[in-house]
Amino acid sequence: MDEASGEVYPLVLEELKAGVKHAISETAAHFMRRFGRRKSVSNVELLSSSLSPELVELDKQLYGLCRSVETLRFINPVNIASERKSFFGKKASITPDFSYKQLNINPYQFREQLYKLPVEQVMDADIKQLYRHVIDNMATKIDLISSIGSDDFVYNSLKYYGQPDKNDLDNAEFILRAPEIEGDDELELHSADVAVEFFKEKAKEWGLKCKTEKSSRIVAKAMVDNDKACLLINKEASFTSKELVAFAYHELGVHMLTTVNAKSQKLKVFSLGLSGNTQTQEGLAIYSEYCSGNLTLSRLKTLALRVVAVNLMLQHRDFPVTYQALVKDYGVSCEQAFTLTTRVYRGGGFTKDYLYLKGFRDIYTLGKTTQLDNLLVGKTGLLDLPTVNEMVGRNLLVKPVSLFELKLQPPQPLSIIDYLVSGIR
């Protein structure tokens, strides 16, 4: 506090509370190991293994307020098919006029209610900080969603997701300069109908209770609807055999699994998503493709092109210019260029797509030294991973079980993909 006035410095005080908690529990564990009968006592074992009524009430109120705030539900244009047809009909010279589902939330009231939530009543300093991170994240997220289709959207997107820096762009260019791998491209393509059946069988094999259906209202080839626990397949998409397996690991093995795992937790904050969950979950999903041996050069280049597309969007703010740059400067097909450009221009300028490659790099680096399974407890983020690990250790969260080993087993000799991944900085 201020020594002259007695005014408390709240951020310093919160850090002090967390430090005291760890100091006391670690000291107690040390004395129990030294003077007690048990020689393997951890500080986590000395902390409460029951959810306090104050925490349960906070979680309930937060979930009730935020459960309908899902970015992808509002950001995907509802008229993609007709605007694609118009765009190519005008020889790729017009900016599509996308329409969006309307938000039925008052953003001002929403933020006011957010910051009135009883966070102060939670005694555990680390868990309190986790919820504060989520509340701040949700306040920024509502700004993003409520500005879809307006000039403010791109600035709110920058605030929420950030933008690619020089290192991100260097990583993208490094991947894009890699020569094609002989035999990497598959000629046979499978339709959306085939994909739906494949994913249904894979979900059954992995014991995942979820639905799979086609959709005409998504930009991506596939995505998970978290509310309905449903895997949506773009009805216009086609997949190679290796893509089908890779998407199974990505969408079912990570996104669907974390959706299902979150629903099994008593604390519903893990269904809403912790701070930084987009970067972490997408990175984890790409990492699962890599660990399973299904990450291709084509897939890596698509991730790199997303970084480039976001950067082009921020530079030019012109849909046809970005589209033409992808086609002429990067040799992207017309259909893929339209999809890449739509992804980054939807809403008015969506910067999320650069996080796939960045998230993959972060998870790949972390996986060398740390067990990653606890990231599957729900929609987690790296910022609060130490607290999540502690909560799992205290049995406050159901320990997640991966459907496959989230650990790299490098083959010998290393492949070209291994070399490229190791070069991402």
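Annotation: side-chain contact (heavy atoms from CB on, under 4.5 Å) contacts of Lys266 (sequence neighbours excluded): Leu51. When the side-chain contact (heavy atoms from CB on, under 4.5 Å) test is applied to Val196, the partners found at least two apart in sequence or on another chain are Lys200, Thr212, Lys214, Ile233. By the side chain to side chain donor-acceptor pair (under 3.5 Å) test, Lys221 pairs with Glu243, sequence neighbours left out. In this structure, the side-chain contact (heavy atoms from CB on, under 4.5 Å) partners of Tyr9, at least two apart in sequence or on a different chain, are Asp2, Val12. Contacts of Arg111 classified as salt bridge (charged side-chain N to carboxylate O under 4.0 Å, His left out), with partners at least two apart in sequence or in another chain: Asp143. Evaluation of the side-chain contact (heavy atoms from CB on, under 4.5 Å) rule for Pro386 yields no partner, not counting sequence neighbours. Under the salt bridge (charged side-chain N to carboxylate O under 4.0 Å, His left out) criterion, Glu83 pairs with no residue, sequence neighbours left out. With sequence neighbours left out, Asn311 forms a side chain to side chain donor-acceptor pair (under 3.5 Å) with no residue at all. Every residue was checked against the salt bridge (charged side-chain N to carboxylate O under 4.0 Å, His left out) condition with Glu251, not counting sequence neighbours, and none meets it. Every residue meeting the salt bridge (charged side-chain N to carboxylate O under 4.0 Å, His left out) condition with Lys17, not counting sequence neighbours, appears here in chain and number order: Glu14. By the side chain to side chain donor-acceptor pair (under 3.5 Å) test, Glu112 is found to be paired with Lys116, residues two or more places apart in sequence or in another chain being considered. By the side chain to side chain donor-acceptor pair (under 3.5 Å) test, Gln61 is found to be paired with Glu57, residues two or more places apart in sequence or in another chain being considered.
Contact check on Glu282 versus Lys358 returns no salt bridge, with no Lys/Arg side-chain nitrogen under 4.0 Å from an Asp/Glu carboxylate oxygen. Using a cut-off of 4.0 Å between Lys/Arg side-chain N and Asp/Glu carboxylate O, Glu201 and Lys204 are scored as not salt-bridged. The pair Asp124-Lys21 meets the salt-bridge criterion, since a charged nitrogen lies less than 4.0 angstrom from a carboxylate oxygen.
Not a single donor-acceptor pair under 3.5 Å links the side chain of Ser402 to the backbone N or O of Asp373.
In this structure, Phe199 has its ring center at least 6.0 angstrom away from the ring center of Trp206. Ring-centre distance between Phe247 and Phe198: not below the 6.0 Å cut-off.
Between His250 and His255, the ring planes lie perpendicular to each other; the angle is over 60°, past the 30° to 60° tilted range.
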